[in-house]
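Quick notes on the structure that follows.
Both ligands and their constituent atoms are indexed starting at 1 by order of listing.
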Amino acid sequence: PTIYAITPTYRRAVQKAELTRLSNTFRLVPSFHWIVVEDSNARTELVSRFLARSGLQYTHLYVPTPRRYKRPGMPRATEQRNAALGWLRTHRSPKDSGVVFFADDDNTYSVELFDEMRTTQRVSVWPVGLVGGRRYERPLVDKGRVVGWYTGWKANRPFPIDMAGFAVNLQVVLRSPRALFKRLGSKPGMQESDFLKQITRVDELEPRAANCTQVLVWHTRTEKVNLGNERWKDSVQIEV
Ligand code: UGA
Ligand code: MN
């Protein structure tokens with residue numbers, strides 16, 4: 001199966017650095033298709049050029065987040081992930097085998113993670129490092145089934161798991177055509193649960209990464225860059 005990694009991304013000083021880090025990992029993954037969705041009114045030149053040079057198989061989409069949703073406390077990248085799901089439902093069919101994964105642009109992914117998720121029958125899960133106010137969060141597994149969760153934050157969520165902690169078989173995405181991310185009524189940290197509730201149950205989750213005992217993805221967050229000395233312009237403007 002092809003791995004479809006869905007990456008929402010938006011313009012900021014560190015964007016190209018983040019995308020570079022991601023693409024260097026993704027180049028090491030066989031049968032990989034990157035769906036990059038810009039949070040913008042149009043495809044930007046920076047991302048267009050970047051993808052064209054990446055050597056990766058990709059689809060480049062864009063959809064702006066409505067301005068009223070661009071504020072702290074609002075879930076992020078809802079429209080972008082839904083645009084990617086819409087693309088898959090339009091351009092892929094029951095004869096295509098694939099696995100869909102939500103790959104935010106600032107996380108850190110090990111190549112092994114993609115080997116683990118490639119065998120996803122319905123929905124697979126694994127630990128995520130550096131998230132939820134702990135060193136990691138993970139599903140608790142007994143006899144091959146998820147029976148609980150080790151989580152530091154909002155433990156009563158139906159699926160207390162970060163976006164980076166699960167993958168979905170493409171056919172599940174196609175067979176549940178109305179399963180989407182929601183913004184209204186979706187509080188921070190609830191997007192994953194709201195989405196997973198629409199497509200699966202806890203007792204059918206497929207544990208990966210040695211019964212969820214290995215961390216193969218980290219919820220890293222990049223420091224906001226200091227541009228306080230950006231007062232004089234260089235005579236040429238170099239893309240950063
Ligand atoms: C956490 C989760 O890991 C995210 O999957 C979830 O979307 C997010 O919370 C949330 O609150 O909704 P966090 O590190 O706080 O992640 O969020 P970011 O990494 O800043 O954003 C998630 C993704 O959305 C990134 O790929 C980012 O590039 C993109 N994004 C962010 C946009 O497309 N537009 C924005 O205005 C902000
Ligand atoms: Mn993040």
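Taking the six-membered ring where the residue is Trp, Phe195 and Phe102 present perpendicular rings, their angle passing 60° and hence far from 30°.
Ser193 places no side-chain N or O within donor-acceptor distance of the main-chain N or O of Met190, the cut-off being under 3.5 Å.
Contact check on Arg183 versus Glu79 returns a salt bridge, with a Lys/Arg side-chain nitrogen under 4.0 Å from an Asp/Glu carboxylate oxygen. A salt bridge does not link Glu38 to Arg43: none of the charged nitrogens lies less than 4.0 Å from a carboxylate oxygen. Taking the charged nitrogens against the carboxylate oxygens, Asp104 and Arg81 do have a contact shorter than 4.0 Å, which makes a salt bridge. Ionic pairing of Lys197 and Asp194 is present here: one or more N-O contacts between side-chain nitrogen and carboxylate oxygen are shorter than 4.0 angstrom. For Glu206 and Arg208, the salt-bridge test passes: some basic side-chain N is under 4.0 Å from an acidic carboxylate O.
Taking atom 24 (O) of ligand 1 as the reference point, the nearest protein heavy-atom neighbour is Ala77 CB, 3.2 Å. The protein atom (non-hydrogen) at minimum distance from atom 25 (C) of ligand 1 is Asp105 OD1, 3.6 Å. For atom 31 (C) of ligand 1, the closest non-hydrogen atom on the protein side is Tyr10 CE2, 3.3 Å. Looking at atom 35 (C) of ligand 1, its nearest protein heavy atom turns out to be Asp39 OD2, 3.5 Å. Closest to atom 26 (O) of ligand 1, if we only count protein heavy atoms, is Pro8 O, 2.7 Å. Protein heavy atom at the shortest distance from atom 3 (O) of ligand 1 is Asp162 OD1, 2.8 Å. For atom 18 (P) of ligand 1, the nearest non-hydrogen atom of the protein is Arg76 NH1, 3.7 Å.
Applying the 4.0 Å criterion to heavy atoms of Thr9 picks out, from ligand 1, the atoms 28 (O), 33 (O). Listed by number with element, the atoms of ligand 1 under 4.0 Å from a non-hydrogen atom of Pro75 are 12 (O). Which parts of ligand 1 touch Gln191 is read off a 4.0 Å heavy-atom cut-off, strictly below it: atoms 7 (O), 12 (O). Near Asp106, meaning under 4.0 Å from one of its heavy atoms, ligand 1 places the atoms 14 (O), 19 (O).
Considering backbone and side-chain N/O atoms, Thr7 never comes within less than 3.5 Å of an N/O atom of ligand 1.
The Mn ion (ligand 2) sits nearest to atom OD2 when only the N, O or S atoms of Asp106 are considered.
Of the candidates Lys70, Arg67, Arg76, Lys70 is the only one forming a salt bridge (Lys or Arg N to Asp or Glu O under 4.0 Å) with Asp39.
Evaluated by nearest non-hydrogen atom to atom 7 (O) of ligand 1, the leading choice among Lys70, Arg81, His219, Glu192 is Arg81.
The nearest protein heavy atom to atom 9 (O) of ligand 1 is not closer than 4.0 Å.
Annotation for Val225 and Ala13: closest pair CG1-CB, 3.2 Å, computed over non-hydrogen atoms.
Tyr109 and Val100 fall into different hydrophobic clusters, where Ile, Leu, Val, Met, Phe, Trp and Tyr side chains are chained together by heavy-atom contacts under 4.5 Å.
Residue Asp104 touches ligand 1 through backbone and side chain together, judged by heavy-atom distances below 4.0 Å.
Taking 2.8 Å as the threshold, Asp105 does not count as a candidate ligand of the Mn ion (ligand 2), since none of its N, O or S atoms lies below it.
Open room surrounds CD on Glu45; 12 or fewer heavy atoms of other groups in view lie less than 6.0 Å from it.
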